[in-house]
Amino acid sequence: MLEKTFDPKTAEPRLYEAWEQSGLFSPRDDASAAPFSIVIPPPNVTGSLHIGHALNNTLQDVLTRFHRMKGDAALWLPGMDHAGIATQMVVERQLAAEGNVGRRDMGREAFVERVWAWKAESGGTITRQLRRLGASCDWSRERFTLDEGLSAAVRKVFVTLYKQGLIYRDKRLVNWDPQFQTAISDLEVEQREVDGNYWHFAYPLEDGSGEIVVATTRPETMLGDTAVAVHPDDERYKALVGKNVRLPVTGRLVPIVADEYADPEKGSGAVKITPAHDFNDFQVGKRHGLEAINILTPDAKLNDSVPEALRGMDRFAARKAIVAQAEEEGWLREIEKTRHMVPHGDRSGVVIEPYLTDQWYVDAHTLSLPAIKAVEEGATVFEPRHWEKTYFEWLRNIEPWCISRQLWWGHRIPAWFDADGNIYVEETEQAARAAAGGKEISQDEDVLDTWFSSGLWPFSTLGWPEETADLKRFYPTSVLVTGFDIIFFWVARMMMLGLHFMGEVPFRKVFINALVRDASGAKMSKSKGNVMDPLELVDEFGADALRFTLTAMSGQGRDIKLQKQRIEGYRNFGTKLWNAARFCQMNECVRDPSFDPAGAKQTVNRWIRGEALETSLEVTAALEACAFDDAANALYRFVWNVFCDWYLELAKPILSGDDEAAKAETRHTAAWTLDVALKLLHPVMPFITEELWDKTAEFGPKPDGLLIAAAWPALPDSYADPAAEAEIEWLTGLIGEVRAVRSEMNVPPSARPLLTLSGANDDSRARLSRHRDLIVSLGRLGDVQEAQAAPQGAVPFVAGEATAALAIAQFVDLAGERARLDKEIAGHDAEIDRNTRKLDNPDFLARAKEAVVEETREKLQEAQGAKAKLQAALARLASLE
RNA sequence: GGACGCGUAGCUCAGCGGGAGAGCACGCCCUUCACACGGGCGGGGUCGUAGGUUCAAUCCCUACCGCGUCCACCA
């Protein structure tokens, strides 16, 4: 006998173990099977499972399990990202906490060794956590962005792009993170709104004839000013162009130049130019041949190009010092409060400085063209579609991608320099040496942006540059499931690099999943303390409940506001399913492999067979379309509202009756339907379904193998049975009405009133006699009879073409009954009115589709018929008074 | 400043051209032999506002109001 509830705590690890042992996570080896592949968005090796991962990976697992059951060669390829900055940060912090020497004192080699040691020990927590979620990844194919194969792929890609002129070295301003002391890409810069000031400074003209006022939010940059710009058409300043101003503090002379960048509308119309520390000023400087004076050290302190008193001062201290000096010396004209956006490093959180350095760049513009075209032409389709606009928007305005990082943890750039500054870019040091012709060379100290290696993920993980069988079979991958926050970082880069190196898109479809937020819609973050730990939720409700919740709420695109209540509700759903199985067990509803539902004779069995067909079609279509919520809702409805609420209830009289043939058929049908439900539910709720699949063997024939590998239901269309459907609809409608009347009239549960049916046609008479027992038991009636007219004092209601009446005179008060009838009639009146108006409108008759007109007529008739019956009842009621 | 998305029952959301729906919450009833993590019944909505298109608009178009997100913007 099954327990009353499913116990996820003990069952889940056991079931996962069984799956993993079975080898079924690997794609089947059948050459005729259609390939289906997904590469996981590789979580950071430092990471642990958060709710966003839970959603993202649940959806991937749903798809993988679905396709596996459909018989496809389904591959879900897992792996992790080395996460350059994030990981280096974790280990550096750990070193600090342990009171160890910092990485610089340790030296590069020792530090990198230390990171690897950390990875071996505590990295990859997340892959264990994915198992708890039920992820059916092929762990035998697990990859890491820094493993040997992927590193070879990275080197090959770098060298190839360099030789094609698509990677180059350039000296220009980069976004410099003073904490990590590395360049970062535009995408890693986060604009944050902060309070600040515009300080208006007066720069005196060299010739003493006056001053020119400029404003800045960063006073310290004036130490690097090399010009003041005014608009060429600005009458106020025309005469000053070509003159010099003497910068306060440094006393340096800089020219006043005419440049259209200066906006006469802003501030005084004159703007200070600091080419080495501002992206716009850098361009102005180039146009006018201005010197770019770098005033900062890599950790954002003032360097030796500033007056001695200021050297070594932190940038923010320097800002104060400059302002203080301006105030004291009288060239501070105004302080204007403002709120403005300031760039911060997304990892470090410190203010980013534009900084002049040599870095490596990818010609992203050239690579973007095929990537744009592929999506325009539909070779890759986004789902929901509107994300394509976001993708295009970014790619069409793409800037060169800075890929070098001044870090130690990552792929070392395969470039070597000789003493003369010549560059040798090769896949190996030997090759570089050979190219250098024996000259002394040393490798570039920098590593590559983490996203450079993740950009190769869809093909590097499949074995590229080797021409492996996997690569051939599984590239392009079928679908990528990811969050919109990394469309630029990752999706676009994979598109560019995949197309360039494979000549084919990396994935046919990109499914953008929602962002999980807390119940009030706020982004979950540790600092807000509103994070929901998926593992705690799994502990509390089981993995299936969490998975079902995330699947059901993953309506395309939108934010998911996760409430615990919801998860609890779907845990209850699992219990409902469990108890349905328990009921089947108690009633000896055993699986019979030779049973063919096509031969079912009982109406309920023919009906549930059709419902199973319909649900299987709905779920299949929904999963094909990544409409996960539709799939979940269809399953929920089928299991609870159809199978449990009606089918099992309707089956009870048969199962406890004497008609042995009907009983046997119903037992088999119930078991068959439960099996269909288990299969359809398995992708979303793998644990409980697998457990039931196995447990049902305790009271019936053992199923053939594990449910994870069972064939996806492909039921014949002939299972649909409109006649049975109509009959059950009639039956459940009638029972529903009886219950409603009882409830409204406060008929006590113990009362067993008589139900009569008058004015019934042959169909209804036949149905009545076939389902008499059901109507009696589910309606808690004394009996059901046909009658000429409703008995005295019985409460009537409409049952199709007939009038039904419940003999509960003793519970009825006339006023209440009159009110009930009035209300019903009013409802029909509204219907009659609406449809009459339509049909009286010649334009409607002329222009609406014939089917719509016909439907309107039918509705009108139906409402009129129902109204007539109720009016008759009302008249009878009046005659009693 | 540019772009995208969203405003439907108390809450969270589905529906997106011809009958306003689900789950939860709420109210009443039920220790009915699978399940109280349950069963039955019910109340609750001018589908953001104003125009337009249409025989017909929650659904399409326009404007506006409100909310959210991304990109750009450190004179």
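The analysis underlying the following values was restricted to heavy atoms, covering all of them including side chains, and did not include hydrogens, waters or symmetry mates. In what follows, chains carry the letters A, B, and so on, assigned in the order in which the sequence lines appear, proteins first and then strands, with residues in each chain numbered from 1.
Taking atom C1' in both B/U31 and B/G42, the straight-line distance is 23 Å, to the nearest Å. Across the C1' atoms, B/U69 and B/A25 are found 29 Å apart, a figure rounded to whole Å. To the nearest whole angstrom, the two C1' atoms, one in B/C11 and one in B/C4, are 26 Å apart. Using atom C1' as the reference point in both B/C37 and B/C47, the two lie 33 Å apart (nearest Å).
Contact between the side-chain N/O atoms of A/Lys849 and the OP1/OP2 oxygens of B/G17 is not found at any separation under 4.0 Å. For B/A34, neither phosphate oxygen OP1 nor OP2 lies less than 4.0 angstrom from any side-chain nitrogen or oxygen of A/Arg582. Between A/Lys576 and B/C35 there is no side-chain N or O to OP1 or OP2 distance below 4.0 Å. Side-chain N/O atoms of A/Lys652 include one lying less than 4.0 angstrom from OP1 or OP2 on B/A34. For B/G39, the OP1/OP2 oxygens have a side-chain nitrogen or oxygen of A/Trp640 closer than 4.0 Å. The side chain of A/Lys823 places an N or O atom within less than 4.0 Å of a non-bridging phosphate oxygen (OP1 or OP2) of B/G43.
Counting non-hydrogen atoms under 4.0 angstrom, A/Phe279 reaches nothing in the nucleic acid. Contact annotation for A/Gln191: base contact, defined as any heavy-atom pair under 4.0 Å involving a base atom. At the heavy-atom level, A/Asn397 lies nowhere under 4.0 Å from the strands shown. At a threshold of 4.0 angstrom between heavy atoms, the contacts of A/Asn835 with the nucleic acid are absent. Nucleic acid contact for A/Thr390: none, since no nucleic acid atom lies under 4.0 Å from a heavy atom of the residue.
The aromatic rings of A/Phe484 and A/Trp387 lie parallel to each other, their planes meeting at an angle below 30°, with 60° marking the opposite boundary. Using a 30° and 60° split on the angle between ring planes, A/Tyr570 and A/Phe548 fall in the tilted class, from 30° to 60°.
Taking the centre and axis of the six-membered ring of A/Phe382, the NZ or CZ atom of A/Arg385 falls outside the cone set by 45° and 6.0 Å.
The base of B/A34 sits within donor-acceptor range of the side chain of A/Glu649, with an N or O pair under 3.5 Å. The base of B/C37 sits with one of its N or O atoms less than 3.5 Å from a complementary donor or acceptor on the side chain of A/Arg571.
A donor-acceptor pair under 3.5 Å is absent between the side-chain atoms of A/Arg780 and the main chain of A/Pro753, judged by distance alone. Side-chain atoms of A/Arg571 do not come within 3.5 Å of backbone N or O of A/Arg566 as any donor-acceptor pair. For the pair A/Asn197 (side chain) and A/Trp199 (backbone), a donor-acceptor distance under 3.5 Å is absent.
When each of A/Ala262 and A/Val852 is assigned the nucleotide of RNA chain B bearing its nearest heavy atom, the one mapping closer to the 5' terminus is A/Val852.
Separating the CZ atom of A/Phe488 from the P atom of B/C71 is a distance of 7 Å, rounded to the nearest angstrom. Computed from coordinates, the A/Arg637 CZ to B/G21 C1' distance equals 13 Å when rounded to whole Å. Following rounding to the nearest Å, A/Asn572 (CG) and B/C37 (C1') show an atom-to-atom distance of 3 Å.
Nearest to the side-chain atoms of A/Ala740 among the listed nucleotides B/G42, B/A75, B/G18 stands B/G42. Here the nucleotide nearest the side chain of A/Tyr636, chosen from B/A20, B/C35, B/C24, is B/C24.
Within the shown strands, nothing qualifies as a pairing partner of B/G45 under the Watson-Crick or G-U definition with both distances less than 3.5 Å.
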